[in-house]
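Note sheet for the following structure.
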2 protein chains.
Amino acid sequence: MNDWTLLRSFLAVLRRGSLSAAARETGLTQPTIGRHIDELEAGLGVALFTRSPNGLAPTETASALVVHAEAMEAAFAALKRAATWSGDVVQPRGTVRISASEVMGTFVLTPILADIAERHRDIILELALNNRTDDLLRRDADIAVRMTRPKQNGLVARRIGHVPLGLFAHRRYVAAAGLPADIEALRGHRIVGFDRDDHSARMVAQSVLPIKRDLFSFRVDSDVAQAMAVRAGLGIGMMQKSMAQADPDLVPVLADQVALQLECWLVVHEDQKDQSAIRAVFDGLAEGLGGWLETMASR
Amino acid sequence: MNDWTLLRSFLAVLRRGSLSAAARETGLTQPTIGRHIDELEAGLGVALFTRSPNGLAPTETASALVVHAEAMEAAFAALKRAATWSGDVVQPRGTVRISASEVMGTFVLTPILADIAERHRDIILELALNNRTDDLLRRDADIAVRMTRPKQNGLVARRIGHVPLGLFAHRRYVAAAGLPADIEALRGHRIVGFDRDDHSARMVAQSVLPIKRDLFSFRVDSDVAQAMAVRAGLGIGMMQKSMAQADPDLVPVLADQVALQLECWLVVHEDQKDQSAIRAVFDGLAEGLGGWLETMASR
DNA sequence: TTTCAATCATACGTTTTTGTATAGTCGCTG
DNA sequence: CAGCGACTATACAAAAACGTATGATTGAAA
């Protein structure tokens with residue numbers, strides 16, 4: 001068993017849930033995908049899917065293997081990106097993939113990246129939005145914007161500045177429920193917070209707030225959705241001040257008692273930091289983010 | 001360009017240095033490998049090798065891509081291993097790969113692993129000897145024996161105990177060059193140490209010894225070769241006390257002033273620690289290593 | 001209940017990929 | 001300087017992989 005191609009079909013079936021759908025995704029045909037799965041099961045000596053007329057359901061074994069198949073996929077994508085930097089000429093060019101949180105990527109990075117794209121027309125930019133911290137390790141991205149200091153070896157990190165956070169609520173909510181007098185009084189309010197993904201909670205663990213899941217009466221894992229929920233008057237929630245200030249109907253809550261800020265880090269792989277395309281984007285991000293964070297801090 | 005198989009040929013050519021040799025390694029033929037390289041170069045749009053009558057030399061680009069291809073390879077190997085744990089039955093079985101340093105793996109682990117293999121006949125053991133610390137991240141191994149506390153997320157680590165180190169020299173060397181009176185006097189002696197790989201230096205950075213490369217008059221990166229050099233009378237070198245005590249001709253040097261010990265950690269992936277095969281090996285290692293470290297400490 | 005839109009499985013012809021055989025080039029050695 | 005051993009490149013045949021077409025089964029909607 002040593003045919004790497006079979007795993008592409010494996011991933012496709014796992015994601016689409018059927019041979020036919022996987023065939024559509026990969027550009028192959030249903031019999032081919034079926035043969036691939038057969039061959040893979042025979043080669044590994046395990047059952048990967050339970051066949052049924054309405055699709056294929058992955059077995060436990062298949063679920064355990066998916067991380068490795070995805071690692072192969074990520075490595076392949078990284079290889080293709082790295083090939084675009086070839087020669088590393090004076091004029092930087094190629095594809096650079098950036099990983100960031102939803103909020104940072106959507107609201108902060110986009111204008112900065114627009115500027116970088118303007119200055120370096122030969123650089124293609126990719127933006128991966130999620131809150132995982134292992135993007136660089138898996139080479140899922142070339143540059144990461146993170147809110148925690150990276151701990152791994154082999155990474156080069158630069159601290160850019162601080163991002164101020166605060167509690168906010170919509171004017172309408174405040175009119176109906178009032179403002180809490182102190183932190184304890186928050187318990188009587190509707191709080192918007194995370195569902196399962198407690199990355200934001202871990203990040204602010206050093207804070208004065210006792211953040212736990214049962215505190216929240218509205219739960220979503222998407223930071224952007226949390227912000228939208230607050231803007232919709234669903235309750236009090238934590239968000240970046242820059243986002244809140246963009247909406248005149250949002251009022252700060254306990255601003256004097258809850259003043260929180262996250263460190264902002266720019267991270268690259270040690271062995272990639274001298275690629276001209278990556279360096280150009282890194283420097284652009286450092287400059288753009290630095291300026292943006294300064295204007296935020298001075299407000 | 002999305003044929004994962006081409007990268008296997010790419011790796012083979014890179015390692016063997018010629019199409020023909022790569023063909024022999026992979027079990028394919030020289031024309032096939034040649035076509036694969038052609039196709040890969042065309043697909044990526046870069047030159048990977050400079051052809052010559054006595055082989056293919058990798059370009060700079062090719063060297064930059066090798067890490068990603070190797071990541072794919074490692075992920076594939078990990079997938080195949082993980083498939084052997086299927087079902088996760090009561091009786092643990094499958095292939096478990098352990099990463100350790102040369103010294104630990106060669107001299108300490110082997111008897112312990114023999115014991116584990118005896119108790120679990122359905123477990124196949126693999127032992128990868130190197131001093132890299134990213135084995136687990138790349139999933140190059142399932143369990144790692146390390147001398148430093150792992151810092152990464154997603155890993156579970158257990159501290160097993162301490163490994164005592166010391167300076168030693170061969171009786172013959174001492175007869176010729178004498179024993180140093182204090183640490184400063186080491187400068188007048190022949191010292192056996194690392195060449196380029198300063199992992200051991202970093203590990204003992206907190207020590208009293210000012211370890212730098214120019215201190216050494218004999219340099220090898222292999223810890224085992226260092227120990228052999230000391231046993232051959234080449235000079236004074238640092239080694240595990242357990243190894244030194246196995247040779248009656250070795251005498252401790254500055255034992256009262258240089259007493260060093262490394263922490264010994266057992267590390268496993270969070271999402272794999274409940275696989276019965278891995279758990280069996282992990283527990284066996286913890287028990288065996290723990291006992292061994294205790295007898296070492298009591299000497 | 002019947003029909004329809006999915007699905008997976010199988011048979012067969014075609015395309016693509018691979019292997020075999022051979023020619024040609026370079027460097028090394030006697 | 002000739003011969004040998006290593007390599008790459010090319011031409012053609014064999015084998016493997018793939019796609020098309022079709023049948024069979026299921027589940028949901030009419």
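Chain letters run A, B, ... following the sequence lines, proteins first, then strands; residues in each count from 1. Side chains are part of it too, since the values below use all heavy atoms of this structure and drop only hydrogens, waters and symmetry mates.
Between the OG atom in B:Ser99 and the CZ atom in B:Arg146 there is a gap of 7.0 Å [rounded to 0.5 Å]. Distance OG/B:Ser9 to CG/B:Asp38: 11.0 Å, rounded to 0.5 Å.
A sub-4.0 Å separation between OP1 or OP2 of D:dC7 and a side-chain N or O of B:Arg24 is present. Within the structure, a side-chain polar atom (N or O) of B:Arg51 is placed less than 4.0 Å from OP1 or OP2 of D:dA9.
Of the two residues contacting DNA chain D, namely A:Asn54 and B:Ser18, the nearest-nucleotide position lying further toward the 5' end is that of B:Ser18. Where B:Leu56 and A:Gln30 each meet DNA chain D at their nearest nucleotide, the meeting point lying more 5' is that of B:Leu56.
The existence of a salt bridge linking B:Arg139 and B:Asp271 is confirmed by a sub-4.0 Å separation between a basic side-chain nitrogen and an acidic carboxylate oxygen. Of the charged side-chain nitrogens involved, none lies within less than 4.0 Å of a carboxylate oxygen, so that A:Arg138 and A:Glu73 do not count as a salt-bridged pair. Between B:Arg97 and B:Asp140 no salt bridge is recorded (no basic side-chain N to carboxylate O distance below 4.0 Å).
No donor-acceptor contact under 3.5 angstrom links the side chains of A:Thr95 and A:Glu126, judged on distance only.
The distance between atom CG of A:Asp38 and atom C1' of C:dT10, rounded to the nearest whole Å, is 12 Å. Atom C1' of nucleotide C:dC8 and atom CD of A:Glu41 are separated by 13 Å, given to the nearest angstrom. When the P atom of D:dA17 is taken as reference, atom CG of B:Asp3 falls 13 Å away, rounded to whole Å. Summarising the geometry, the separation between CG on A:Leu19 and P on C:dA9 is reported as 6 Å, rounded to the nearest angstrom.
Using a 4.0 Å heavy-atom criterion, one finds that B:Ser20 contacts the bases of the nucleic acid, with or without backbone contacts as well. Using a 4.0 Å heavy-atom distance criterion, B:Gly34 is classed as making no nucleic acid contact.
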Which protein N or O atoms sit under 3.5 Å from an N or O of nucleotides 17-19 of chain C?
from, atom 1, to, atom 2, distance (Å)
C:dT18, OP1, B:His36, NE2, 3.4
C:dT18, OP2, B:His36, NE2, 3.1
C:dG19, OP2, B:Thr29, N, 3.3
C:dG19, OP2, B:Thr29, OG1, 3.1
C:dG19, OP2, B:Thr32, OG1, 2.7
C:dG19, N7, B:Arg35, NH2, 3.2

